Student: 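Take a look at this one; I'll ask things after.
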Amino acid sequence: MTESAAAKKVTAAKATAVKALAGEKKAIRRDAYSNDNWNKRRKLIFISLGFIGVCVAYLVFLAPDDVLRQNLAYALTGAGVSIIGSYAFAATWDDNNKRSTLAQTDVAMVEAEVAAEAEEV
């Protein structure tokens with residue numbers, strides 16, 4: 001086998017590797033956005049907040065006024081505030097993780113392309 005034929009085989013193998021990495025990058029991007037379970041989380045959060053709202057409304061308007069029920073209303077209100085805060089910060093944290101994962105795949109793809117181009121020359 002001549003040197004040019006061997007070089008063509010190596011170049012073809014590198015091109016195949018770059019294409020495979022590009023396909024992997026697309027799969028990672030697809031997985032990062034398709035496996036988004038925020039719809040389920042959002043539904044659970046709204047159900048929880050609705051339940052807390054109904055309980056607090058009952059305690060404020062219909063239940064007899066005593067210290068136990070006042071403290072229960074305060075605790076439920078605190079739980080609602082905690083749920084909202086956790087939702088906001090968890091969404092931010094999850095989005096940052098998603099962005100960093102996508103950035104890492106972009107860097108790997110560029111490095112593979114640069115290495116393939118450098119070896120072709």
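The shown structure was predicted, so the numbers you read here are calculated from the model rather than taken from an experiment.
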Student: Assess whether side chain to side chain donor-acceptor pair (under 3.5 Å) is satisfied between Arg42 and Tyr87, documenting all intermediate values.
Tutor: CA-CA 8 Å; Arg42 198 173 296 117; Tyr87 173 71; 3.1 Å; yes
Student: Can you hop from Val60 to Leu62 via hydrophobic side chains spaced under 4.5 Å?
Tutor: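 Shared cluster, yes.
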Student: Keeping to residues at least two apart or across chains, list the salt bridge (Lys or Arg N to Asp or Glu O under 4.0 Å) pairs with something in residues 70-89.
Tutor: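 Every pair satisfying salt bridge (Lys or Arg N to Asp or Glu O under 4.0 Å) with a residue in residues 70-89: there are none.
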Student: So how far is it from Ile52 CD1 to Leu59 CG, rounded to the nearest 0.5 Å?
Tutor: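 Reported value, rounded in 0.5 Å steps: 11.5 Å.
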Student: Listing request: all salt bridge (Lys or Arg N to Asp or Glu O under 4.0 Å) pairs with a residue in residues 49-64, at least two apart in sequence or in separate chains.
Tutor: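 Of all non-adjacent pairs touching residues 49-64, none passes salt bridge (Lys or Arg N to Asp or Glu O under 4.0 Å).
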Student: Indicate every side-chain donor-acceptor pair of residues 75-84 with a distance under 3.5 Å to a residue at least two apart or in another chain.
Tutor:
from	atom 1	to	atom 2	distance (Å)
Thr77	OG1	Ala73	O	2.8
Ser82	OG	Gly78	O	2.9

Student: Going by salt bridge (Lys or Arg N to Asp or Glu O under 4.0 Å), name the residues that satisfy it together with Asp66, two or more places apart in sequence or in a different chain.
Tutor: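 Scan of Asp66 (salt bridge (Lys or Arg N to Asp or Glu O under 4.0 Å), adjacent residues dropped) gives Arg69.
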Student: Considering only residues two or more places apart or on different chains, which pairs with a residue in residues 55-76 satisfy ring pair (Phe, Tyr, Trp, His ring centres under 6.0 Å)?
Tutor: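 Matches after skipping sequence neighbours: none remain.
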Student: Would you list the pairs meeting salt bridge (Lys or Arg N to Asp or Glu O under 4.0 Å) in which at least one residue belongs to residues 46-57, sequence neighbours left out?
Tutor: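 Qualifying pairs, neighbours excluded: none.
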